[in-house]
There are 2 protein chains.
Amino acid sequence: MFQAATIKQIAEALSISPSTVSRALRNSHEISAETKKRVIEYAKKINYQSNPIAVSLRNRRSNSIGVLVADVANSFFSQTINGIESIAYEAGYHVIITQSHDSYEREVINIGHLANRSVDGILISMSSHTTDYRHITQLHERGLPIVFFDRIIEEIQTFKVTTDNFKSAYEATALLIEKGFKKIGHLANAPQLSITVERLQGYLSALADHHIEFDERLIKYCHEGGRSQLEIEEALNHFLSDSIGAEALFIASDRLSTVTMRILNNDPDKAEKLMIIGFSNSDVIDILSPRISYIRQSAFEMGQIAAQMLIKLIESKYPVYEFETRLLEGQLHWRGNPKG
Amino acid sequence: MFQAATIKQIAEALSISPSTVSRALRNSHEISAETKKRVIEYAKKINYQSNPIAVSLRNRRSNSIGVLVADVANSFFSQTINGIESIAYEAGYHVIITQSHDSYEREVINIGHLANRSVDGILISMSSHTTDYRHITQLHERGLPIVFFDRIIEEIQTFKVTTDNFKSAYEATALLIEKGFKKIGHLANAPQLSITVERLQGYLSALADHHIEFDERLIKYCHEGGRSQLEIEEALNHFLSDSIGAEALFIASDRLSTVTMRILNNDPDKAEKLMIIGFSNSDVIDILSPRISYIRQSAFEMGQIAAQMLIKLIESKYPVYEFETRLLEGQLHWRGNPKG
DNA sequence: TACATTTTCGGCAACGATTGCGTAGTTTTA
DNA sequence: TAAAACTACGCAATCGTTGCCGAAAATGTA
């Protein structure tokens, strides 16, 4: 491998000590203008770049932050990552991205690796199969800055940012009711996720406020969160069965929405029977067939806020004990009949 | 911040030297079974984890690889990243992802940061606005392992992996011709990209083989690659103008495809006039309206191969002078009439 | 028993950058 | 004119780990 220039080389070339070079480069007042000039010029000449690994070792700071998401190939998360990156970059941090693929084991391994990799802090969106939080509480107790976004948990006191899922779900459900639908199915994500609970509550609350009796058969959890198409097909058949007869459907996540849409696209009979609203950040959700009304989350902004929170934690000189949970507004887009 | 356990602490606690601890943990034959056992037990007890930054400094290896893509919020790239990650993870490398957003300046800055960050190698998919390769050749000459994927360049001798763009473009165009279309527009990406040139040649070659006269007005380059919807609207209007009268369209990239689809979705008159085939790795491309036939690249596999190539370069004990350029097959999916 | 060999381990130095402390040499102040 | 203050720089330690060399102890051989 190639040999990068070091402070020692500069020191030797100019017959001064490494400390002087270091101070000159950092523009210390203890160094004469003359010496500074010589050092800076020579450093530029040999294209000196400080070795970030050495700096990290010395400063016990890596200037990098870790991110855990379920999957980067998911519009919502990739947009979030864009937001994280935009802030991190500005602040001089590198971003190390890992994926849990919604597996608890991978979450544990990845978070362990990140902490071990000496990241200065971690941004976490929980895997849908996680119910044991010890791998995170351990790190948190040891003082590692952690911020949760999107899929947050109650159990750990720190900064969090997510969509106002209750409100968005409420609005979506209420809108369906106002449009005249009464039998509204709810295709929910894995039940242990915060977003699942919040969205379910929004749904239930809207029903209650509009005096629609709650029918538990109208709720179906997807434990595989859309990774299994079969799971969703069964749920749809269930909703559309004669005994249930759902007229509309509120879908609680990105992936569930697109998988549902694929099934309906292949089965126009079903598609005609259902008015659909779903969460989705796909950039082509508005040109899918059949039509789907959708709730779009402020993913980019969520990433930005999460990154800002984390960097604030990392750079705080004193331990932080006051935390905030930010809720971002989702945007509801009504698109009318499936057949348009 | 929390204090991680170190080798020194173990050494002190067991009244042995740090070197002995290090060797014991690495299972050196020079250490007695007895000592090994004591060290390993105590290390486990205090949850010792080696500090990767110190190891990096010592070994001049960071066990991380850098990736440069245009945009993670793009199905093709996010799938590629998934492939890269799967291999890198197995081999013990971390992945640092950066985005050029198709800007030359950001590409230069990001690649500089990655190299400076002491990654052990870099995976690059060129930004569409890059014509000057000095920032890369410099690193390459200094011995930094580099592998190109997707958007590759001729100028640097190394491993490369991309789709057989010529073949896929040829097949797509030939298929349109066989279906009876003669006036086939080609919506091309930025002209300086390898993939643009290869796809254009496939298109031209198919026309020639089928004895269709080439009309240069049927080719439109999109210098903004879909970042500007206006650019594409103008191109479509051009293709559909009376004097041109295109009957079909071959679209050369993911983003161009989806933006075109949005325009056509909003303008059914236009949509009816055009049979469309486009490159796309969107997971919902098959349920868009209007219908679009598409070429899907083996993105995940491309990421895997690129990562394998890079790791091979990194871990090679001798300089490598024999390089390979792998071409992966694209998959053509015919979906018939727009109105289906 | 005497010597050679092997096993087991400690000490030192280095990776590259940073920084507290010390100290010549110079200038300012009383 | 001597004391004080300041300027400009070097020394050495530090971060955690590991390669190299050598030394002591254990073992083997004659």
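Nothing here was measured: the structure is a model prediction, and the numbers come from that model. Numbered from 1 within each chain, the chains take letters A, B, ... in sequence-line order.
Straight-line distance from the CD atom of Gln9(A) to the C1' atom of dG16(C): 11 Å, rounded to whole Å. When rounded to the nearest whole Å, the span between CD of Glu12(B) and P of dG11(C) equals 12 Å. Taking atom CD1 of Ile7(A) as the reference point, atom C1' of dT18(C) lies 8 Å away to the nearest angstrom. With rounding to whole Å, Ile10(A) atom CD1 is found 13 Å from dG16(C) atom P. Separating the CD atom of Glu34(B) from the C1' atom of dA25(D) is a distance of 16 Å, rounded to the nearest angstrom. Nucleotide dT18(C) holds its C1' atom 15 Å from the CD1 atom of Ile53(B), rounded to whole Å. For the pair Asn51(A) CG and dA14(C) P, the interatomic distance rounds to 17 Å; values are reported in whole Å. Summarising the geometry, the separation between CG on Asn59(B) and P on dA14(C) is reported as 17 Å, rounded to the nearest angstrom.
Residues Thr80(B) and Asp150(B) are not in side-chain contact: their nearest non-hydrogen atoms beyond the backbone lie 4.5 Å or more apart. Counting heavy atoms from C-beta outward, Gln304(A) and Ser86(A) have side chains that approach closer than 4.5 Å. Counting heavy atoms from C-beta outward, Asp71(B) and Arg227(B) have side chains that approach closer than 4.5 Å. Side-chain contact between Val72(B) and Glu85(A) is absent, with no heavy-atom pair separated by less than 4.5 Å.
Annotation: side-chain hydrogen bond (donor to acceptor under 3.5 Å, both in side chains) contacts of Ser298(A) (sequence neighbours excluded): none. When the side-chain contact (heavy atoms from CB on, under 4.5 Å) test is applied to Asn27(B), the partners found at least two apart in sequence or on another chain are Lys36(B).
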For this session: Please lay out, stage by stage, how Phe148(B) and His140(B) fare under the test ring pair (Phe, Tyr, Trp, His ring centres under 6.0 Å).
Result: CA-CA 12 Å; Phe148(B) 292 96; His140(B) 187 241; 8.0 Å; no
Problem set entry | Chi angles and distances behind the side-chain contact (heavy atoms from CB on, under 4.5 Å) call for Arg151(A), Ser128(A) | CA-CA 8 Å; Arg151(A) 297 138 162 231; Ser128(A) 63; 4.3 Å; yes
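A donor atom on one side chain and an acceptor atom on the other are not found under 3.5 Å apart for Thr137(B) and Glu155(B).
Between dG16(C), dT17(D), dA17(C), one nucleotide has an atom nearer to the side chain of Ala54(B) than all others, and that is dT17(D). Nearest to the side chain of Arg26(B), among dG16(D), dG19(D), dG16(C), sits dG19(D).
For Ser22(A), no side-chain nitrogen or oxygen approaches OP1 or OP2 of dA17(C) to under 4.0 Å.
Note on the helix from dT1(C)-dA30(D) to dA30(C)-dT1(D): angle between the axes of the first and last five pairs equals 60°, rounded to 10 degrees.
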Close N/O contacts between protein and nucleotides 24-27 of chain C (under 3.5 Å):
none

Please list, one pair per line, the donor and acceptor atoms closer than 3.5 Å that link side chains of residues 309-321 of chain B to other protein atoms, with sequence neighbours excluded.
residue: Glu315(B); atom: OE2; partner: Tyr93(B); partner atom: OH; Å: 2.8
residue: Ser316(B); atom: OG; partner: Tyr318(B); partner atom: N; Å: 3.2
residue: Ser316(B); atom: OG; partner: Tyr318(B); partner atom: O; Å: 2.4

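The side-chain hydrogen bond (donor to acceptor under 3.5 Å, both in side chains) test with Thr130(A) is passed by exactly one of His135(A), Gln192(A), Glu107(A): Glu107(A).
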Problem set entry | Sequence-aligned protein contact record of nucleotides 6-14 of chain D, with B where the base is within under 4.0 Å of a protein heavy atom and S where only the sugar-phosphate is | --BBBBBBB
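Among the heavy atoms of the strands lying under 4.0 Å from Ser50(B) are primed sugar atoms or P, OP1, OP2 only; no base atom is included.
Ring geometry, Phe77(A) versus Phe149(A): the interplanar angle exceeds 60°, so the pair is classed perpendicular (tilted spans 30 to 60°).
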